[in-house]
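Since the structure comes first, as structure tokens, the remarks are kept for the end.
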Amino acid sequence: MTMHNWRKLMFYLLPPLLALVVALSANFKTDLSAFIIAGDNAEEALLANEMQAGALSRRYLISIGSSTQEPVSTAFVQALQTQLKTIVGVTDVWSPEQQNGVSLAMQTLYGSYGGALYSLDAERDLAELFTPQGLAHKAEFLKKALLSPQAAIVKEIALHDPLLLALNGFQALGKQFQQKSGANPRYRNLILETAMAGLDAPQQSRVQAAIDDIFKRLNQTPQQHYQLEMTGVPIFATATQQLIQGDIARISILSSVALMVLFLALFRSFGALSQVFTLLAIVILSAILATSLVFGYVHGMTVAIGSTLVGICIDYPIHAIAHAQTARPEQRTAVIAGIWPSMLLGGITTLVGYTALGASGYPGFRQIAVYAGTGIVVALLLTRFILPGLITANEGRPFKVPLVAGWAAFCQRFRPWLVAVLLLAIGVSVFGLGQLHWLEDMQELTPELNYLKENDKRIRERMVSIEPGRFILVTGSDTETALQKAEQAYTVLEELKQRGALTEYFGLYPWLLSAKKQQQNSDLLQHYLTLENQQLWRQALGRQGLSVSHLGRLDYPELKPLTLPEVFATPVKRLIDSRVIATGQETVVMIWLAAHQPEALKAAFGNREGMRYFSQRDLLNNMTKDYTGRAQVMLSAGLVLIIAMLIVRYKSVLKTAQTLLPAVLAGLLILGVWSLSGAAISFLHLVGFLLVVSICVDYGIFYQENPGGNITLTYQAMAASMLTSALAFGCLGIADSTSLKILASVITLGILLGFLFCPLIIRHRQSQ
């Protein structure tokens with residue numbers, strides 16, 4: 001076998017080999033937060049990670065509703081709860097008001113720490129308690145508690161804590177899981193927790209299918225007509241995965257088939273088709289491998305958006321084949337080498353656009369930059385050094401794209417009038433730039449998930465009074481520091497409650513206080529345990545007919561402060577683990593908020609170190625503003641760099657301006673249309689603008705340099721590459737994802753305009 005045949009065989013074997021490596025090594029993700037969310041500081045990065053894999057992200061809120069006015073059967077809910085616990089990967093299922101494990105923890109743990117955890121304001125509380133009236137009221141409360149349904153728990157606690165100090169902070173415990181369905185028995189609720197991260201969509205899809213199956217089996221009796229609703233991060237994750245997977249499948253299939261059909265229609269050569277699409281397969285697989293090596297995974301959105309890379313990278317072999325077809329076989333390598341400088345410059349300018357895209361701050365676009373950059377480099381090298389050796393026969397005939405030659409001649413004939421119309425349109429566009437309306441709410445980029453957002457709001461209104469995604473963020477260098485700052489925050493929040501700016505808040509107290517506060521409470525309590533106060537307590541017990549011998553001794557021993565790991569070793573963990581994130585570097589405490597006035601809380605915590613009001617929605621919106629600002633900077637930087645490269649290349653400002661103007665004017669026209677239409681502009685639109693410029697400048701370069709010496713052939717090859725690029729990006733328009741639709745509309749229109757403007761702005765005499 002000759003060297004040529006060996007080279008050809010290796011070329012065609014490379015795609016399946018690369019596909020095998022990708023299948024064995026690449027890790028794919030589909031969660032949107034990994035593609036979108038990344039904080040600019042340690043706190044936001046920590047929260048972003050918590051949103052992706054934390055305790056709260058692993059929980060489902062399940063609501064069972066009755067289709068009649070009859071209440072949901074307790075027996076049905078208990079049977080459902082028992083069955084749900086058998087699902088592989090489910091760690092626990094409980095009802096919001098269920099406190100069995102908590103009651104046990106109060107007996108075994110908190111009963112001994114009553115002297116350390118009884119108050120946030122010990123001086124005030126003890127001063128009120130240790131008076132004849134205060135102790136009398138406490139004895140009366142103790143008697144009622146011993147006669148209540150919880151007598152067994154109270155008795156166990158009272159043996160160690162006769163004053164029931166351990167219960168002081170738990171009087172409002174029920175509010176933390178306030179169940180509004182109590183007023184509406186048509187709904188009963190459960191919380192289900194999984195071991196897998198909420199954004200592990202494949203595993204969560206399996207869990208959701210199992211939940212549905214169990215519910216349907218239990219809900220088959222004629223007397224029962226219940227409906228199941230679920231929400232939580234796993235629900236959004238699986239819906240997003242299905243959305244992205246559907247987009248990827250449709251876009252990949254449609255773009256591949258459409259590009260093949262278009263290529264065959266243009267070149268009418270199955271040999272050229274197999275060569276070019278084998279080359280593109282190598283490009284895409286190489287891009288996936290490079291992205292996986294750099295980031296450790298490849299996001300589904302990267303593959304979806306990166307599929308448009310086919311439309312860009314196919315430009316290089318199209319130019320090579322179009323020019324090689326006009327030459328004898330022995331001259332083809334020299335012909336392709338002749339157009340190589342123009343191809344290389346065009347590839348570099350496109351790389352500049354994607355590099356600026358990666359530097360915009362948008363997490364997902366960092367991946368796309370690596371993905372596209374790798375693909376462009378591989379495509380250029382294969383076109384220059386491998387493709388010439390594969391073209392062995394004149395299978396194709398010189399091709400012509402309909403209307404292209406006519407448009408070039410039309411521009412040459414009526415240039416003054418067309419330029420006047422173009423200048424008028426540009427003037428209107430520039431005038432309208434001041435009217436641009438910028439997108440401020442990132443949630444507007446995902447209207448396709450609105451039905452899930454509405455369902456989430458509806459279920460949460462039945463279950464809890466907490467406003468999801470809004471809290472006071474307290475940060476400390478360690479757990480003790482964070483707990484001390486949280487205690488300061490509780491004081492501020494109490495003042496806000498008194499002013500009516502806040503209805504309720506939910507922190508780590510009464511479950512845990514700082515070691516410093518526990519010690520202060522213990523010391524202050526010992527100060528009040530005088531012989532006189534102990535005698536007053538015994539007298540109060542006697543008046544209530546309670547045992548003085550068992551309850552009259554106030555002995556609160558000094559204990560080592562209770563710690564977070566000790567609390568997490570009890571069932572209390574599932575109540576508070578979503579409110580604290582402890583790492584080796586810092587601890588973050590989230591104090592959840594009920595209905596409140598955001599501006600009042602922002603003002604109250606605005607100047608307090610380590611404490612601030614935080615809203616996940618505000619975080620996303622601030623990220624949108626940041627990304628937009630960075631996109632504007634990167635757009636300017638990318639343009640400056642491209643201009644500098646062209647000036648170095650042409651040694652002429654006029655030629656540089658002519659080469660760049662088709663791309664820039666196409667982008668300006670699109671911006672003008674948006675401004676006049678009143679459509680909201682996001683950073684995605686600016687990213688699209690940057691890609692339009694970086695892609696369309698290739699057309700300016702080829703039309704300016706005319707490397708093959710035949711401007712008609714050059715413009716025909718440009719038309720073929722324009723059509724493939726426009727088709728690839730246009731296929732994004734069939735996606736359900738709004739982000740992909742935005743990029744499709746911006747880039748497709750921009751590419752078409754940039755191509756049409758080349759013969760209008762750059763003068764060339766048409767070859768005959």
Side-chain angles (χ1 to χ4, degrees), residues 258-269 272-273 276 310-327 335-336 338-339 342-343 346 350 396-419 421-422 425 658-667 669-670 692 695-731 747-768:
L259 283 172
M260 287 182 181
V261 171
L262 177 62
F263 190 91
L264 273 177
L266 291 173
F267 289 95
R268 290 164 287 179
S269 168
L273 178 72
V276 170
V310 172
I312 296 172
C313 292
I314 199 174
D315 291 1
Y316 311 129
I318 280 177
H319 279 285
I321 292 174
H323 286 82
Q325 283 183 346
T326 62
V335 168
I336 294 175
I339 66 172
S342 298
M343 263 197 299
T350 305
R397 292 170 289 174
F399 68 95
K400 288 186 178 182
V401 180
L403 306 179
V404 169
W407 170 251
F410 184 76
C411 289
Q412 187 177 18
R413 183 176 179 184
F414 298 103
R415 176 171 283 107
W417 294 100
L418 292 174
V419 168
V421 173
L422 178 60
Q658 285 181 333
T659 304
L660 194 59
L661 269 177
V664 173
L665 294 183
L669 276 178
I670 295 173
V692 166
I695 294 170
C696 289
V697 75
D698 293 11
Y699 304 151
I701 290 170
F702 267 93
Y703 202 81
Q704 181 73 259
E705 297 187 2
N706 187 24
N710 184 332
I711 193 58
T712 298
L713 176 61
T714 296
Y715 199 46
Q716 289 285 343
M718 287 170 54
S721 65
M722 179 275 296
L723 288 174
T724 54
S725 296
L727 184 60
F729 280 103
C731 286
I747 301 175
T748 303
L749 180 58
I751 287 173
L752 176 61
L753 291 176
F755 168 79
L756 293 176
F757 290 162
C758 282
L760 183 60
I761 295 171
I762 304 172
R763 288 179 176 271
H764 266 296
R765 212 174 85 190
Q766 300 298 305
S767 301
Q768 302 299 322

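Residues take their numbers from the sequence shown, with the count starting at 1.
Here the CG atom belonging to Leu660 is positioned 9.0 Å from the CG atom belonging to Leu665, to the nearest 0.5 angstrom. In this structure, CG on Asn706 lies 10.0 Å from CE on Met718, to the nearest 0.5 angstrom. Summarising the geometry, atom CZ belonging to Arg415 is positioned 9.5 Å from atom CD1 belonging to Ile761; distances are rounded to the nearest 0.5 Å. Put simply, OG1 on Thr748 and CG on Leu753 are 11.0 Å apart, with the number rounded to the nearest 0.5 Å.
With contacts defined as side-chain heavy-atom distances shorter than 4.5 Å, the pair Thr659/Tyr703 does not qualify. No side-chain heavy atom of Val404 sits under 4.5 Å from any side-chain heavy atom of Thr712. Inter-residue side-chain proximity for Thr714 and His323 is flagged as met; some heavy-atom pair is nearer than 4.5 Å. At a threshold of 4.5 Å between non-hydrogen side-chain atoms, the residues Leu661 and Phe757 do not count as touching. Residues Leu266 and Ile318 have side chains not in contact (no heavy-atom distance under 4.5 Å, counting atoms from C-beta outward). Proximity of Tyr715 to Phe702: side-chain heavy atoms (C-beta onward) are nowhere separated by under 4.5 Å. Using a 4.5 Å cut-off on side-chain heavy atoms (C-beta onward), Gln412 and Arg763 make no contact. Side chains of Leu418 and Phe410 form a contact here, defined as non-hydrogen atoms less than 4.5 Å apart.
Residues Ala405 and Gln716 approach most closely at N-NE2, 4.0 Å, considering heavy atoms. Taking each heavy atom of Cys696 and Gly750 in turn, the nearest pair found is SG-O, 3.4 Å. The two residues Ala717 and Ala322 come nearest to each other via the heavy atoms CB-CB, 3.9 Å. The shortest heavy-atom contact between Tyr316 and Met343 is O-SD, 3.5 Å. Gly708 and Ile339 get closest at one heavy-atom pair: N-CG2, 4.2 Å. Scanning both residues, Ile701 and Ser342, for their nearest heavy atoms gives CG2-O, 3.9 Å.
Although no hydrogens or angles enter the test, the distance criterion places a donor-acceptor pair under 3.5 Å between the side chain of Thr724 and the main chain of Ser721.
Centroid-to-centroid, the aromatic rings of Phe263 and Phe267 come within less than 6.0 Å.
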Worked verdict on Ser725 versus Tyr699 for side-chain contact (heavy atoms from CB on, under 4.5 Å): CA-CA 12 Å; Ser725 296; Tyr699 304 151; 4.0 Å; yes
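By the side-chain hydrogen bond (donor to acceptor under 3.5 Å, both in side chains) test, Thr350 pairs with Asp698, sequence neighbours left out. Residues meeting the side-chain hydrogen bond (donor to acceptor under 3.5 Å, both in side chains) test with Gln658, sequence neighbours left out: Gln704.
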